[in-house]
Amino acid sequence: MGYAAATYAPEPGTLQAMSRFLDALYVGALMLFILSGCFLVPFHGDESTIIYMSRDYDTLFRRGDLAHLLYRDPPPTDDPQAGTLQDLRLINGVVNKYWYGFMWSITGFGASDLNDQWLWGADLNFNRANGHVPTDQLLFVCRWASALLTGLSAAVVFVIGQRLGGRRTAYVVALIYTLTPSVLLNGRRAMMESGLLLFGALLVYVGQRAAGKRLNVGHIIALGMAAGLTVASKHTGVIVVVAVFGGVVLMNSPHPKSLSRGRGTSRPSRYIPTPPLPRERGLGGEGIFVASLLALTVFILLNPAWWSDPLRMPGRVLAARQALLSGQVKTFGGFASTPDRLVTLARESLSGAPQYFEDKTGWPEWIGDQVIRYEASGLAGLSGSIWTVISGVLLIVGAIRALRSWQSGSVFIVLIWAALTFITVYILTPLDWQRYYLPMAAPVALLCGMAFTTRSPRQVA
């Protein structure tokens, strides 16, 4: 008597649950890698300044002292630091400083434990001796808080990659992003970049979900909230907002299925491509208009400094930022030529080596030992000529595949984001500072990951 061989096939729901569990383990490991470098990452003077600014959390949320946060011209004379804080509020984002304030408040620190602003005209020893450097414990808490936002951004980038080309693409995208030296360095430091990385990626993900569909109330609220938090993290987040909102409008607005090549003919044009019609028309431009109003509301609510004179504040902020950039170029030197600008753009697009300091006066000696320990730890990320070539090839192949799949809403949003980021960063960045090129990290990782996708344009979400 014979017995038929029996085979066990897991239920589809079980396989899906296993896949999600493995995805969570993978992303969790990447987040732990980011968090593990918090203590070793070399110090930067701007960390002192951002932690100094985090006293606004105590002023606003714990003491409710709104009067000291409103902009005044001239600044009040009863507080010797009012003018400095007022200027810092104009040119910097607020999300990270509130987040750091919340984290140090729940870990036992108070406003009296905070350091003063970093003095760029003095050396490290003077700053440390005179209270302009945070204690190791306070610095670690704020760095851990920053790295947590960066780790969450890696999780969002993973999900964006999954919508682009499936799990294989997502795994590659998240790995490249996590091992990007500039992401690890600036995303671990107690500065503003981690908030921009997280909420910018979150906005792109929401845009992917909204593109090519009828915008509902959930889409509009999510777009508005994510956009407001992105710009409130750092003003350069406007690039992401314009790209995502513009991409959603293009994908969702009704338009002809084809364009005429000439008068009296309905033959489709081969030269002017148009996005596909959304599956359900309507609420394209109208929904984005409402989302824009919501984003503006979120941004202003998080910026009490704007409340006293909101109409004139954009001009003041632009003037302050222009003055800051002009001063940086005058002090450190800008690009000598267009080729220099292009070389820097290409280098930072392809995972350039970490730039530990912008001011070369004193900093190589002050943090030289820290740099050696950080790089020896294996936590600094991937850089070097071999990786530059590999990432360059992946970027070209991935960009070609993405362009061939541009009719997908998810791919279209990422392409618009990448193109606008590259163009804007190239035009507006006046000097070779790696932090100013950081917005390119996620788009580059996503395009590199597209080199591994096996989906056809019709299969891409």
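These numbers were taken from a predicted model, which means no experiment stands behind them.
In this structure, a donor-acceptor pair under 3.5 Å is absent between the side chains of Asp58 and Ser105. Neither side chain, Tyr437 nor Gln355, offers a donor N or O lying under 3.5 Å from an acceptor on the other.
Ring pair Phe412/Trp406 is tilted by interplanar angle, where 30° to 60° counts as tilted.
Residues satisfying the salt bridge (Lys or Arg N to Asp or Glu O under 4.0 Å) test with Arg316, not counting sequence neighbours, are Asp309.
Residues Trp118 and Tyr52 keep their aromatic ring centres 6.0 Å or farther apart.
For the pair Asn303/Tyr71, no side-chain contact is recorded, criterion being any heavy-atom separation below 4.5 Å from C-beta on. Annotation: side chain of Asn92 is not in contact with side chain of Lys97 (no heavy-atom distance under 4.5 Å).
Note: Leu149 CG to Tyr100 OH = 7.0 Å, rounded to the nearest 0.5 Å. Atom CD1 of Ile423 sits about 11.0 Å away from atom CG of Leu428, to the nearest 0.5 Å.
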Tyr57/Trp99 under ring-ring contact (aromatic ring centres under 6.0 Å, His included): CA gap, chis, key distance, verdict: CA-CA 8 Å; Tyr57 171 83; Trp99 174 236; 9.8 Å; no

Working for side-chain contact (heavy atoms from CB on, under 4.5 Å), residues Tyr426 and Thr338: CA-CA 10 Å; Tyr426 171 77; Thr338 298; 3.3 Å; yes

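Salt-bridge check for Arg347 with Asp432: passed, with a basic side-chain N closer than 4.0 Å to an acidic carboxylate O.
Figure legend: Arg188 and Phe33 shown as a cation-pi pair, the cationic atom lying under 6.0 angstrom from the six-membered ring centre and within 45 degrees of its axis.
Partner Ile413 forms a side-chain contact (heavy atoms from CB on, under 4.5 Å) with one of Ile160, Val248, Leu250, Leu164 and no other, that one being Val248.
Applying the ring-ring contact (aromatic ring centres under 6.0 Å, His included) definition to pairs two or more places apart or across chains, those involving residues 166-215 are Tyr26-Tyr171, Phe158-Tyr171.
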